[in-house]
Novice: 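Structure incoming, see below.
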Amino acid sequence: MKFSVLVITAVAATLFAGCSGIKTPKAELASHEMNRNIPAIDEMIVSMKQDYINKCYMPVAKRNPPENACQTELFQMLERRYHRDYQQMHVDMAANDLFFKDVNREITTLSKQDPEVRNAIRNGFRSNDELLAYYKDAYKFDTK
């Protein structure tokens with residue numbers, strides 16, 4: 001009797017440990033060089049990333065069935081690229097692609113609406129592609 005309880009406990013602990021292997025990405029402010037420090041963009045990206053982690057990234061990384069368009073889009077990208085054999089590093093790569101499409105759109109909107117942001121972008125970056133590549137690297141999903 002005691003042996004079977006120990007076996008069941010060991011199996012349950014193993015299953016729990018396997019499921020808890022998913023690391024939650026962080027959404028925190030990155031440090032920048034002085035001419036590339038644009039607080040409005042940083043705050044926007046951190047807010048968007050935290051929302052994306054909660055609503056899209058973690059449910060897909062945990063392999064929960066998609067419940068919204070964001071999860072569905074991320075899951076479909078993973079399924080196309082990696083079939084059902086995806087791991088968390090694959091979720092990181094797919095999330096970087098999808099998340100930064102939204103970030104690019106929001107940065108464009110913010111730069112059109114806020115002259116300070118527009119001037120800071122002009123002073124710190126040569127092109128919009130350079131700006132996006134810089135922020136994509138600074139705020140990438142990386143759970144290694």
Side-chain angles (χ1 to χ4, degrees), residues 5-144:
V5 170
L6 287 174
V7 170
I8 291 171
T9 305
V11 169
T14 302
L15 289 173
F16 180 72
C19 294
S20 66
I22 297 171
K23 297 177 186 173
T24 304
K26 293 181 173 60
E28 45 193 29
L29 289 173
S31 58
H32 304 288
E33 300 168 15
M34 192 56 148
N35 66 333
R36 294 195 166 185
N37 186 23
I38 307 172
I41 292 177
D42 287 319
E43 292 168 10
M44 178 193 66
I45 292 174
V46 168
S47 174
M48 288 176 67
K49 187 173 180 182
Q50 187 60 53
D51 193 45
Y52 191 85
I53 289 167
N54 294 331
K55 291 183 179 176
C56 300
Y57 183 98
M58 288 307 291
V60 172
K62 291 178 180 179
R63 296 181 182 267
N64 294 339
E67 296 178 351
N68 59 39
C70 178
Q71 291 173 20
T72 301
E73 185 178 28
L74 181 57
F75 178 75
Q76 286 175 344
M77 179 179 274
L78 287 165
E79 196 171 43
R80 277 192 307 274
R81 291 181 179 176
Y82 312 106
H83 307 287
R84 295 199 185 258
D85 300 329
Y86 66 88
Q87 298 171 3
Q88 189 165 11
M89 67 178 178
H90 300 129
V91 179
D92 288 347
M93 290 185 285
N96 282 328
D97 292 343
L98 294 174
F99 174 70
F100 283 99
K101 281 192 327 189
D102 294 338
V103 167
N104 186 32
R105 185 176 52 249
E106 292 299 319
I107 288 174
T108 301
T109 302
L110 185 61
S111 68
K112 288 179 181 177
Q113 295 173 349
D114 189 336
E116 282 185 37
V117 170
R118 186 171 43 253
N119 290 334
I121 290 172
R122 285 184 189 147
N123 293 334
F125 300 94
R126 290 187 300 260
S127 69
N128 195 37
D129 289 339
E130 181 186 357
L131 169 83
L132 187 60
Y134 177 80
Y135 278 103
K136 189 173 185 178
D137 184 57
Y139 288 103
K140 66 186 170 196
F141 288 87
D142 187 11
T143 55
K144 295 177 191 172

Novice: Return the CD1 to CE distance between Ile22 and Met58, rounded to the nearest 0.5 Å.
Specialist: 5.5 Å

Novice: On a heavy-atom basis, which atom in Val117 and which in Ala40 lie closest, and how many Å separate them?
Specialist: CG2-CB, 3.8 Å

Novice: Taking it one step at a time, do Leu74 and Leu78 satisfy side-chain contact (heavy atoms from CB on, under 4.5 Å)?
Specialist: CA-CA 6 Å; Leu74 181 57; Leu78 287 165; 4.3 Å; yes

Novice: Is it the case that the side chain of Asn104 and the backbone of Leu132 share a donor-acceptor pair, with hydrogens and angles ignored and the cut-off at 3.5 Å?
Specialist: no

Novice: Donor-acceptor pair, distance only, cut-off 3.5 Å: does the side chain of Asn119 make one with the backbone of Pro115?
Specialist: yes

Novice: Tell me the closest heavy-atom pair linking Ala138 and His32, and the distance in Å.
Specialist: CB-CE1, 4.3 Å

Novice: To the closest 0.5 Å, what do you measure between SG (Cys70) and CG (Asp102)?
Specialist: 7.5 Å

Novice: Do the non-hydrogen side-chain atoms of Tyr57 and Gln88 ever get within less than 4.5 Å of each other?
Specialist: yes

Novice: Can you name the closest pair of heavy atoms from Pro59 and Gln71 and give their distance?
Specialist: CG-NE2, 3.4 Å

Novice: Is there a side-chain contact between Ile107 and Ile121, using heavy atoms and a 4.5 Å cut-off?
Specialist: yes

Novice: Identify the heavy atoms of Leu110 and Ile41 that sit nearest to each other, and give their distance.
Specialist: CD2-CG1, 4.0 Å

Novice: Check whether NZ of the Lys or CZ of the Arg Arg63 lies under 6.0 Å from the centre of the six-membered ring of Tyr86 and within 45 degrees of that ring's axis.
Specialist: yes

Novice: Show your reasoning for whether salt bridge (Lys or Arg N to Asp or Glu O under 4.0 Å) applies to Asp142 and Lys26.
Specialist: CA-CA 9 Å; Asp142 187 11; Lys26 293 181 173 60; over 6 Å; no

Novice: Does Glu79 reach the main-chain N or O of Phe75 with its side chain, forming a donor-acceptor pair under 3.5 Å?
Specialist: no

Novice: With a 3.5 Å cut-off and no angle check, do the side chains of Asp42 and Tyr139 form a donor-acceptor pair?
Specialist: yes

Novice: For residues Ala27 and Val46, report the shortest heavy-atom separation together with the two atoms involved.
Specialist: O-CG1, 3.5 Å

Novice: Between Ala95 and Tyr52, which heavy-atom pair has the shortest distance, and what is it?
Specialist: CB-CE2, 3.8 Å

Novice: For Phe99 and Lys140, run side-chain contact (heavy atoms from CB on, under 4.5 Å): C-alpha distance rounded to whole Å, both residues' side-chain angles, the deciding distance at 0.1 Å, then the answer.
Specialist: CA-CA 9 Å; Phe99 174 70; Lys140 66 186 170 196; over 6 Å; no

Novice: Do any pairs count as a salt bridge (Lys or Arg N to Asp or Glu O under 4.0 Å) and have a residue in residues 107-124, sequence neighbours left out, and if so which ones?
Specialist: none

Novice: Scan Gln87, Met89, His90 and name whichever one has a side chain to side chain contact (heavy atoms under 4.5 Å, CB included) with Tyr82.
Specialist: His90

Novice: Please step through side-chain contact (heavy atoms from CB on, under 4.5 Å) for the pair Phe141 and Ile53, ending with a clear verdict.
Specialist: CA-CA 9 Å; Phe141 288 87; Ile53 289 167; 3.8 Å; yes

Novice: Drop me the distance from Asp97's CG to Met77's CE, to the nearest 0.5 angstrom.
Specialist: 5.0 Å

Novice: Does any part of the side chain of Phe125, heavy atoms only, come nearer than 4.5 Å to the side chain of Ile38, both counted from C-beta?
Specialist: yes

Novice: Look up atom NZ in Lys55 and atom CE in Met48, then write down how far apart they are to the nearest 0.5 Å.
Specialist: 11.5 Å

Novice: Measuring from Ser111:OG to Asn128:CG, what's the distance to the nearest 0.5 Å?
Specialist: 7.0 Å

